[in-house]
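We name chains A, B, ... by the order of the sequence lines, and we start the count at 1 in each one.
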Amino acid sequence: MSEKILLIDGHSILNRAFYGLPELTNAEGLHTNAIYGFLNILFRIVEEEKPDYLTVAFDLHAPTFRHKMYADYKGTRKGMPQELREQVPVMKDVLMAMGITIVAKEGYEADDLLGTLAKKSEARGMDVTVLSGDRDLLQLASKHICIRIPKTRFGKTTIEDYFEENVKEKYQLTPAQIIELKALMGDSSDNIPGLPGVGEKTATKILLEYGTVENAWKHVEELKPNKAKNAFLEHYDMAILSKKLATINIDSPIEYDWESARIGEFYTKEAYEYFKELEFKNFLSRFEEGAEPAKIAVSFQNVTDFTEADALFEKLVKEPELGIEVLREAHQFLGLGLAWNNKEKEEVETVCIFPQGFLTESYLMDQVQKLCEKVERIDALDVKETISEISKVSHKKVFDAGIAAYLLNPLKSSYTYDDIAKEYLGEMLPAKEDLIGKLSYTKAMSEKEAKEKEVAKSICYMAYTALRSRKALMEALENNNMKALFEDVELPLLFTLSNMEKEGIRVNAEALKEYGSQLEVKIKALESQIYEEAGEEFNINSPKQLGVILFEKLQLPGGKKTKTGYSTAADVLEKLAPEHKLVADILEYRQLAKLKSTYADGLAGFIGEDGRIHSTFNQTITATGRISSTEPNLQNIPIRMELGRLIRKVFIPEDGFVFVDADYSQIELRVLAHLSGDENLIEAYKEAQDIHRMTASQVFHVPFEEVTDLQRRNAKAVNFGIVYGISSFGLSQDLSITRKEAAEYIENYFATYPKIKGFLDGLVTEAKEQGYVETMFQRRRPVPEIRSGNFMQRSFGERVAMNSPIQGTAADIIKIAMIRVEQALKEQNLESRLILQVHDELLIEAKEDEVEAVKAILEREMKGAANLAVPLEIDMHTGTNWYEAK
DNA sequence: GAGCAGCCA
DNA sequence: CATTCTGGCTGCTCG
């Protein structure tokens, strides 16, 4: 196999990274985004291609032979912003520290050096890859020289590969003709003049016909269109000059030693120091040896003996602080990890215990419970998973590292021990993946894999990280003003959520089954009807097959929409439904199929032995501070359509109990009124019950009583839109009106409530300036997208900046209400319990003789959860099932 | 596993 | 010139 060389166009890749990534600086204020992006793509390509040699070419800040030919020639380094310019020397230092060869030569551009090295390497029989953002390099492509051009779309970087044949496919031209193309078209980026009036289309046509600029000149009288012919006659000299400028010199006089460009160890000590200084924490994990080792125990033991374990628990009870990990996967207990400080040795000791023999799960859980009750301070990555009888433990003594890390950055998809250790302790711990690869813990523990040791390590590291990271995380929370949010809201809430999970909600399994069967019958009937109407059998659940039937076979209007094919979404089909029975049937089929699979069958699978469904409430998922519900999701049970809503009848209280359901009335709009301080909106809330009607009356200047249904509907949509970070486009889509009309609605709205516009604009500015926005209770949402150069991303960032403080404050308020409600129920010794939260709604399973007390608690605690400029109102209902109580 | 679709606040 | 209003979860198909 031939050897491989990777050649990189340094400035071009830095440039792309600089403009493609959000601003990034280290503690010293040095901009680092271009370097970061460069390294990212470098690592990716090296991992992908595994080249034997590697060289990066740079331009020098000096005139090249091209400047001598053409005074107006623009070097690549002209007009480089300071934020990028300062990164270039650092980039070179980093590369050198990584042992990567750099080439640059006075009088030549990086392109020329790359061209020279590419051709020479090819002549030596090597496979060559040239990485650049510059399409000029396509002229170098051949059978063995591949030009790779990274493209960033929607935040994802894809790489286009060009061998000789790919260039032909894309441009219909040979690589050599790419030079001719540039000579004719010109290139504004380096100021190479082209022929006026000749663009890519005309140039390609001419080249397909005549091959080269010179040959076209010989047939200049035949050239078409006339514009091109005249341009040739007038500017032929220019085209010849441009051709020379565009031609990459493949014979630059550089000294180059392939052997010294052979790839060695990137991850040197010097490189490590650089990465640390630049704060590239993600890359640090690549350094196995350079990293600071974890300050972990001499031995982390694996206790298997019962007597030994018992003695250990006896000893640990006396510790002042413990890190505990109870590892579960799919509700299955896998192992226990403990960590404590050994003061004499100034070390942390850890131990892992797997369930086996006399060390049963229940014994171990009892011991953990005892430790949690007796030890002064308990730290865990996920306290809710750790403590079984949580009500016997005070929230004041626990520390949850996962929640702390979530508050500090809610955008991460998970909060693993290695990430937390790296970020807050500056320690590199082997991650789960490093220890057991892509396996699950359960699989790694199986006889086949026998990776108990690695799993044990992982478990120990979790307990270790929980214990050690407390101080750093608390300090970070204090620095960000989130100590109160953490201690007074999130930590107590964890206890409430744990109790809710443990209580669960009772389900009438038979009724659910019956509901499913009824759906089944209707689905079967619809299915055969649809096949008949379509004239063939197909999979109705496949949007792909359905699209073919509707838009090709039956030729219905409404062609393409999605990336992969036709859109068959409900809003598209609804427009067609009135005229085609098939479409109407498909919509009904979809509705029923959804109800059956997700709700009827789906929920049935979650009913436990106690006849109740125990959902999981996750506290570290959403970007705004809401909680989420999984396995099953009980926060999206149907309500809008009657047929779906009927499912709620299977959710029932225990005998002797009833449901009391309370939901906040338009909490987000009230939060907006408060946060913006808009007097008109505040006044509107103090006066009117029906806020959407009031909005309509004020925005459309009609008396309250004369507001039409349409006006109210429109006002309601605007109200929602405002909360979501409105755009005229979005509103127009929602209301099926033109963008112009939508823009007028919005304008009228802002004219009616003048402070709201200022408030929302202020949030966008705030996000731009500090990189994040905050809720009323100092919960943060970073908005990295807001500094993006990409319009779509930036617009998204702006909407997020407007929505997050509103949605997040509402989330804070109901969290506070939940804590208060639970506390009140406990204080009054009631048996009634909180069992569900659906963003603005709380469901209580209330003992029949406690209903009045429960109602009073909900009323008081929900309304009193926050003190806003407008009253917090709730709607409350009771019932013998969730359908009735809503 | 990605993409689509559809359910909720 | 474009831009498709926030935040979630699950089920299904298909490569």
Classify A:Val838 by what it touches in the nucleic acid, base, sugar-phosphate, or nothing, heavy-atom distance under 4.0 Å.
sugar-phosphate
Between A:Tyr566 and A:Glu552, is there a side-chain donor-acceptor contact under 3.5 Å, judged purely by atom types and distance?
yes
Roughly how many Å apart are C:dT4 and B:dC4, using the P atom of each and rounding to a whole number?
15 Å
Under 4.0 angstrom, heavy atoms only, what part of the nucleic acid is A:Ala570 near: base, sugar-phosphate, or nothing?
sugar-phosphate
Using whole Å, report how far CG of A:Leu603 lies from C1' of B:dC7.
12 Å
Is atom NZ of A:Lys757 surrounded by more than 12 heavy atoms (other residues, nucleotides or ligands) closer than 6.0 Å?
no
Side-chain atoms of A:Ile639 come closest, of B:dC7, C:dG7, B:dA9, to B:dA9
Taking the six-membered ring for Trp and the full ring for Phe, Tyr or His, determine whether the centres of A:Phe759 and A:Phe750 are under 6.0 Å apart.
no
For a quick test of reading the model, state the closest non-hydrogen atom pair linking A:Pro805 to A:Val671 and the distance between them.
O-CG1, 4.5 Å
For A:Ala569, side-chain contact (heavy atoms from CB on, under 4.5 Å) partners two or more places apart:
A:Ser567, A:Asp571
More than 12 heavy atoms of other residues, nucleotides or ligands under 6.0 Å from NZ of A:Lys553: yes or no?
yes
How would you list all residue pairs meeting salt bridge (charged side-chain N to carboxylate O under 4.0 Å, His left out) that involve residues 590-606 of chain A, not counting sequence neighbours?
A:Glu520-A:Lys596, A:Lys596-A:Asp601
Does A:Tyr745 have its ring centroid less than 6.0 Å away from the ring centroid of A:Tyr749?
no
How does protein contact run along nucleotides 9-15 of chain C, one letter per nucleotide 5' to 3', with B for base contact, S for sugar-phosphate only, - for none, heavy atoms under 4.0 Å?
SBSSSSS
Between A:Lys863 and A:Glu859, is there a side-chain N and carboxylate O pair less than 4.0 Å apart?
yes
Could you check how far CE of A:Met641 sits from C1' of B:dG6, rounded to whole Å?
12 Å
For residues 716-726 of chain A, which residue pairs qualify under salt bridge (charged side-chain N to carboxylate O under 4.0 Å, His left out), counting only residues two or more places apart or in two chains?
none
Under 4.0 Å between a Lys/Arg side-chain N and an Asp/Glu carboxylate O for A:Glu329 and A:Lys443?
no
Is the aromatic ring centre of A:Phe729 closer than 5.5 Å to the centre of the six-membered base ring of C:dT4, with the two planes inclined by less than 30°?
no
In whole angstroms, the gap separating P of B:dC8 from CD1 of A:Ile627 amounts to 18 Å
Grab the CZ-C1' distance between A:Arg794 and C:dA2 for me, whole Å please.
11 Å
If you define the side chain from C-beta out and look only at heavy atoms, does anything of A:His839 sit under 4.5 Å from A:Gln807?
no
Quick one: label A:Ile667 by what it contacts on the DNA or RNA (base, sugar-phosphate, nothing), any heavy atom closer than 4.0 Å.
nothing
Using a 4.0 Å heavy-atom cut-off across all strands, classify A:Leu595 as base, sugar-phosphate, or nothing.
nothing
Near DNA chain C, counting only heavy atoms under 4.0 Å, which residues of residues 797-811 of chain A show up?
A:Arg799, A:Val800, A:Asn803, A:Gln807
On the side chain of A:Arg590, is there an atom forming a donor-acceptor pair with the base of B:dA5 - under 3.5 Å, no angle test?
no
Heavy atom of residues 732-754 of chain A under 4.0 Å from DNA chain B: which residues?
none
Testing C:dT4, B:dG6, B:dC8 for proximity to the side chain of A:Arg640, the answer is B:dC8
Side chain of A:Ala623 - closest among C:dG8, B:dA9, C:dC5
C:dG8
